[in-house]
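All chains are named by letter (A, B, ...) in the order of the sequence lines, taking the proteins before the strands, and each is independently numbered beginning at 1.
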Amino acid sequence: MSMFLSLKDAVARFVRSGDRVALEGFTHLIPFAAGHEIIRQRLTDLTLIRMTPDLLYDQMIGSGCAKKLIFSWGGNPGVGSLHRLREAVEKQWPAPLEIEEHSHSAMAHAYAAGAAGMPAAFFRGYRGSDLAKVNPNIRFITCPFTGESLAAVPALRPDVGIVHAQQADRDGNVRVSGIVGVQKEVVLASARVIVTVEEVVDRVADGGSNAVVLPSWTIDAIAVVPGGARPSYAHGYYQRDNAFYVAWDAISRDRDAFRQWIDTHVHGVAAEVR
Amino acid sequence: MSMFLSLKDAVARFVRSGDRVALEGFTHLIPFAAGHEIIRQRLTDLTLIRMTPDLLYDQMIGSGCAKKLIFSWGGNPGVGSLHRLREAVEKQWPAPLEIEEHSHSAMAHAYAAGAAGMPAAFFRGYRGSDLAKVNPNIRFITCPFTGESLAAVPALRPDVGIVHAQQADRDGNVRVSGIVGVQKEVVLASARVIVTVEEVVDRVADGGSNAVVLPSWTIDAIAVVPGGARPSYAHGYYQRDNAFYVAWDAISRDRDAFRQWIDTHVHGVAAEVR
Amino acid sequence: MSTTTNDVTYTATEMMTVAAARALTNDDVCFVGIGLPSAACNLARLTHAPRLKLLYESGTLETKPQVLPLSIGDGELCETALTTVSVPEMFQYWLQGERITIGFLGGAQVDRFGNLNSTVIGDYAAPKVRLPGSGGATEIATGCQRIYIVMRHNPRAFVERLSFQTSLGHGPTGRERRALSVHTEGPALLVTDLCVMKPDAETNEFCVVSIHPGVTREQVVAATGWPVRFAAAVTVTPAPNTAELEALRDLNARTAKAHGSSSGAADL
Amino acid sequence: MSTTTNDVTYTATEMMTVAAARALTNDDVCFVGIGLPSAACNLARLTHAPRLKLLYESGTLETKPQVLPLSIGDGELCETALTTVSVPEMFQYWLQGERITIGFLGGAQVDRFGNLNSTVIGDYAAPKVRLPGSGGATEIATGCQRIYIVMRHNPRAFVERLSFQTSLGHGPTGRERRALSVHTEGPALLVTDLCVMKPDAETNEFCVVSIHPGVTREQVVAATGWPVRFAAAVTVTPAPNTAELEALRDLNARTAKAHGSSSGAADL
């Protein structure tokens with residue numbers, strides 16, 4: 001059952017060094033504030049899970065939070081490479097980063113399988129791809145009806161799932177609108193769940209609306225963090241800060257510029273203010 | 001791409017004797033009008049697929065449309081047995097009825113697998129149930145990661161899928177609200193699709209609403225049939241006719257009373273009027 | 001049949017519904033079937049467990065109906081729900097995802113280990129009576145943390161041997177769940193119109209733990225198709241109190257008015 | 001580099017985008033990636049194919065953006081969509097369900113059979129260059145009815161042998177799709193800034209079928225890392241007409257204004 005906590009307390013209480021952690025949000029609703037709090041609390045040895053590691057994971061990897069990354073596309077969308085991720089993979093800085101690499105379809109199926117209480121996901125995938133040669137977690141089964149070979153990947157079941165959403169009601173139910181990505185799946189697949197929200201409202205749902213609503217009993221902590229997805233965006237609240245995505249390219253190319261940015265914009269800010 | 005047709009023309013054009021046909025609607029939005037048109041056109045040898053064969057399939061089976069039934073729960077909800085279904089199974093009247101019997105979870109997974117282009121559905125199911133002993137389409141696979149035994153059923157891919165919905169827009173996109181059941185899945189799993197709707201509106205969707213919308217290019221024919229789900233209901237349009245469900249018990253117990261009802265209320269009514 | 005205890009008069013069905021309702025708590029998330037389970041769950045929600053979460057297999061999450069639904073997909077369930085999801089999502093993410101603490105089941109037949117038949121009486125290929133079938137029951141039986149069974153007590157229903165095992169209880173010898181890798185608890189409570197039964201901690205055989213007021217051991221024995229066992233200390237089920245009865249009768253009256261009959265409380 | 005044909009002046013990127021857009025029809029349902037494919041698809045929608053359906057992997061169905069998105073999940077895509085579904089649904093029901101007629105792909109490397117690498121240059125365990133990875137590409141390559149590839153033409157990209165086969169084209173020998181039970185058509189078109197290529201009907205090797213105005217055969221040969229073949233009758237790609245150029249430049253101008261840069265048209 002969800003409880004309202006400060007972001008600082010939510011992270012302190014529900015995230016531990018060594019955890020398998022998924023911060024999700026498909027371009028939209030990326031939980032930057034929560035990721036920054038993880039950096040601030042200097043958590044380490046995390047297995048970071050995310051379909052599209054982008055600026056937030058670049059920041060977390062560059063800050064030394066991660067020992068492993070499970071992902072399917074790592075880039076700065078519309079801009080270019082993630083320099084901190086590349087340096088971790090290519091030069092083991094600030095530490096070696098083990099990677100487990102999938103396709104988007106595999107990750108989406110694996111989150112859905114986690115939400116559905118399945119040990120694995122089965123799908124038509126990875127046919128003719130070398131990914132199956134470098135990732136031992138890509139296996140194949142034979143369809144018992146057609147004899148066809150089908151791909152299998154383990155269900156994703158993070159220790160902690162973290163998402164940002166637009167609204168929570170006073171009972172702690174949460175609503176996500178717009179591009180919903182895998183927000184519902186990561187919440188339902190995770191053992192512990194933190195949701196940051198833009199605001200608290202009286203009602204998150206109306207009869208018959210088929211909205212994407214997460215009941216309070218699927219969530220552990222809710223932190224009210226207006227702007228908690230910046231520089232990504234929150235449908236109905238604020239736009240994506242495209243200029244920052246472009247600016248990140250230069251900041252992240254250089255270790256010192258990167259460190260300075262983290263010192264100033266993450267460690268230098270209190271959790272509540274960010 | 002969907003075209004607007006009369007119900008008579010839609011059925012004549014897209015449903016053939018011998019087809020595997022699914023008329024879906026989970027209590028809500030049951031496409032009675034379309035089913036009655038199938039009876040009126042005297043189609044036969046259908047394999048009828050439906051999670052909850054209820055009054056509509058009782059009427060179609062009693063009228064001799066079906067040679068096989070694939071289902072997971074056959075009853076008159078809240079009232080009792082389906083007498084036409086029982087007589088077909090117990091006494092082969094009006095004709096023998098082959099049955100392929102599943103659980104709801106299996107049927108729901110099988111429709112989803114059909115929509116997802118999979119040959120089969122894999123799930124945690126049928127553990128300790130005798131259903132696996134009497135249905136050769138229930139098989140088991142071994143999870144390649146955990147060694148666990150998992151149930152498998154063939155994907156459902158009807159030749160024709162028929163659903164009722166509240167609204168279509170002028171471009172032939174369809175919106176379903178309220179209890180959406182497996183409406184989306186049966187539409188996407190079927191080779192040919194007929195949708196009956198309450199009315200045509202200017203717009204079926206708004207940006208960011210995450211409504212259940214079926215694009216026009218997933219549908220073959222749309223027939224505007226106000227009241228097309230009666231005696232079941234259409235959220236936002238009309239209520240369930242509970243009294244008819246109760247009355248059906250007596251009508252359907254007796255072969256002659258049943259025949260008379262069908263003659264009067266199905267054959268005796270023109271398709272357009274009903 | 002009606003009974004009077006401490007000046008309160010109630011029917012056997014009311015006793016059964018109240019006894020089932022009492023087993024539910026504010027922390028439970030229930031997968032509710034139509035009929036007796038629906039009445040019991042909503043009674044609990046309207047009395048001692050207002051934060052009880054009710055889910056129906058039509059996809060309605062955390063629904064708060066003012067009247068009992070006639071079908072599993074009544075509009076009332078959707079209109080009063082926190083949200084409504086598709087049926088595949090309900091079975092995938094919510095039931096199979098093991099989000100449910102209590103699943104309510106019934107059936108045409110139950111055996112001493114809580115295995116259930118809702119498929120056929122007689123031979124499957126040539127049945128004496130064709131029943132509705134599994135519906136959600138087969139996976140409810142293994143996907144919920146615990147199963148509560150509510151059934152009317154008579155020897156045709158409480159049988160030595162099922163015609164067909166639709167849904168796994170503790171298995172034909174009481175020990176099959178683990179062998180089938182099912183790690184949920186299984187049937188934990190069996191409430192009838194005569195008594196309350198619980199599985200023996202050693203054998204998983206359902207034994208009588210309390211008998212409803214006015215009912216005798218002999219009646220229970222006569223109504224049970226196997227040699228029924230009684231727990232070491234059998235109590236008398238506390239009779240329905242006036243608050244419980246009032247809430248239940250109000251609910252049934254509202255339901256009858258809305259549906260034109262009291263069929264919301266029918267077994268199926 | 002810019003070219004002038006019949007008094008119309010255009011860049012090589014404009015020629016490439018226009019040539020790719022022309023391949024799309026009103027009957028197509030496209031799975032669109034960011035960058036060149038997005039520009040080509042929206043240009044087609046704004047010119048000759050107004051009923052072209054565009055889907056982005058963020059779950060936005062039938063979207064009609066007024067400006068090119070910077071990311072695959074821009075708000076513009078959702079606000080102008082017919083509806084938005086979850087990412088698992090997009091990959092399950094829409095891509096794997098084979099609802100898509102055309103998938104657009106690019107990559108860091110392509111070989112003569114349209115196999116693509118977007119994972120690493122060099123050894124996977126110790127890469128020279130770590131690329132973004134598959135994203136949707138691996139299953140787009142097999143789930144869409146046909147694949148159109150758009151890439152800038154140079155010998156580092158058009159290679160004899162891929163470092164890593166992220167996405168199946170026609171396979172390492174041009175004949176692997178059938179052996180892998182993949183029944184979709186695979187790469188059917190390769191549009192570059194120099195020419196248009198199509199697979200040979202027999203061998204599935206991509207051959208040049210038209211060369212853009214002002215480009216020579218020698219330039220194409222020099223830019224291709226394998227001994228490139230030319231079709232029996234190689235034509236000159238029709239130059240962009242003024243209507244196409246105007247629509248594309250308006251789109252890019254609106255995009256630049258909205259995003260503060262023209263990054264919507266960047267390759268990635």
**Q** With A/F122, which residues qualify under ring-ring contact (aromatic ring centres under 6.0 Å, His included), at least two apart?
**A**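 ring-ring contact (aromatic ring centres under 6.0 Å, His included) list for A/F122, sorted by chain: B/F122.
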
**Q** Can you tell which part of D/Y124 gets under 4.5 Å to a heavy atom of chain A, answering side chain, backbone, both or neither?
**A** side chain

**Q** Identify the heavy atoms of A/F26 and D/I72 that sit nearest to each other, and give their distance.
**A** CE2-CG2, 3.5 Å

**Q** Chain A heavy atoms under 4.5 Å from D/N117: which part of the residue, side chain, backbone, both or neither?
**A** neither

**Q** Dump the intermediate steps for side-chain contact (heavy atoms from CB on, under 4.5 Å) on A/R86 and D/V129, then the final yes or no.
**A** CA-CA 8 Å; A/R86 281 183 59 175; D/V129 183; 3.3 Å; yes

**Q** Chain D: which of A/P53, A/S149, A/A151, A/G74 shares the most heavy-atom pairs with it under 4.5 Å?
**A** A/G74

**Q** Give the member of A/T52, A/V180, A/V134, A/D54 that has the highest number of heavy-atom pairs under 4.5 Å with chain D.
**A** A/V134

**Q** To the nearest 0.5 Å, tell me how far D/S134 OG sits from A/H102 NE2.
**A**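 One finds 11.0 Å between OG of D/S134 and NE2 of A/H102.
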
**Q** Shortest non-hydrogen contact from D/S86 to A/E185?
**A** OG-OE2, 4.3 Å

**Q** With a cut-off of 6.0 Å (strictly less than), are more than 12 heavy atoms of other residues, nucleotides or ligands near CD of D/E202?
**A**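 It does not: D/E202 CD has 12 such atoms or fewer within range.
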
**Q** With a 4.5 angstrom heavy-atom cut-off, could you sort out which part of A/M107 is near chain D: side chain, backbone, both or neither?
**A** neither

**Q** Taking side chain as everything from C-beta outward and backbone as N, CA, C, O, which of these in D/T142 sits under 4.5 Å from a heavy atom of chain A? Side chain, backbone, both or neither.
**A**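 Both parts, backbone and side chain.
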
**Q** Answer yes or no: are there more than 12 heavy-atom neighbours, outside A/E90 itself, under 6.0 Å from its atom CD?
**A** yes

**Q** Using a cut-off of under 4.5 Å on heavy-atom pairs, state which of D/E176, D/K128, D/E139 scores highest against chain A.
**A**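 Most heavy-atom pairs within the cutoff with chain A belong to D/E139.
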
**Q** Under a 4.5 Å heavy-atom cut-off, does chain A meet the side chain of D/V120, its backbone, both or neither?
**A** neither

**Q** Can you name the residues that form a ring-ring contact (aromatic ring centres under 6.0 Å, His included) with A/Y233, not counting sequence neighbours?
**A**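 By the ring-ring contact (aromatic ring centres under 6.0 Å, His included) rule, A/Y233 matches A/H28.
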
**Q** Can you tell me how far the CZ atom of D/F91 sits from the NE2 atom of A/H109, to the nearest 0.5 Å?
**A** 9.5 Å

**Q** Can you tell me how far the OH atom of D/Y56 sits from the OG1 atom of A/T27, to the nearest 0.5 Å?
**A** 12.5 Å

**Q** How long is the span from the NZ atom in A/K91 to the CZ atom in D/R130, to the nearest 0.5 Å?
**A** 15.5 Å

**Q** So which residue, A/L85, A/D130, A/V89, ends up with the most heavy-atom pairs under 4.5 Å with chain D?
**A**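 With the most close heavy-atom pairs to chain D, the winner is A/D130.
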
**Q** Just wondering, more than 12 heavy atoms not from D/R249 lying within 6.0 Å of its CZ?
**A**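 Yes, the 6.0 Å shell around CZ holds more than 12 heavy atoms from other groups.
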
**Q** How would you list, by chain and number, every residue that makes a salt bridge (charged side-chain N to carboxylate O under 4.0 Å, His left out) with A/R127, sequence neighbours excluded?
**A**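 By the salt bridge (charged side-chain N to carboxylate O under 4.0 Å, His left out) rule, A/R127 matches no residue at all.
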
**Q** Is the number of heavy atoms from other residues, nucleotides or ligands under 6.0 Å of A/K68 NZ greater than 12?
**A** yes

**Q** Kindly compute the distance separating CG (D/L70) from CZ (A/R240), expressed to the nearest 0.5 Å.
**A** 5.0 Å

**Q** Can you check whether D/T166's main-chain N or O pairs, donor with acceptor, with A/S129's side chain at less than 3.5 Å?
**A**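 Yes.
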
**Q** Which of residues 93-111 of chain D get closer than 4.5 angstrom to chain A, counting heavy atoms alone?
**A**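 Under the 4.5 Å heavy-atom cut-off, D/Q96 qualify.
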
**Q** Is it the backbone or the side chain of A/A112 that comes under 4.5 Å from a heavy atom of chain D, or both, or neither?
**A** side chain

**Q** Between D/E57 and chain A, with a heavy-atom cut-off of 4.5 Å, which part of the residue counts as in contact: side chain, backbone, both or neither?
**A** both

**Q** Which pair of non-hydrogen atoms, one from A/G128 and one from D/Q165, has the smallest distance, and what is that distance?
**A** O-NE2, 2.8 Å

**Q** Do A/E148 and D/S181 pair up side chain to side chain, a donor and an acceptor below 3.5 Å, judged on atom types alone?
**A** no

**Q** Of all the heavy-atom pairs spanning A/G178 and D/T84, show the shortest one and how long it is.
**A**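 The answer is O-CG2, 3.6 Å.
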
**Q** Do other residues, nucleotides or ligands put more than 12 heavy atoms under 6.0 Å from D/R161 CZ?
**A**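 No - once you tally the heavy atoms of other residues, nucleotides and ligands closer than 6.0 Å, there are 12 at most.
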
**Q** Is chain D contacted by the side chain of A/Y245, its backbone, both, or neither, given a heavy-atom distance below 4.5 Å?
**A**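 A/Y245 has no heavy atom closer than 4.5 Å to chain D.
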
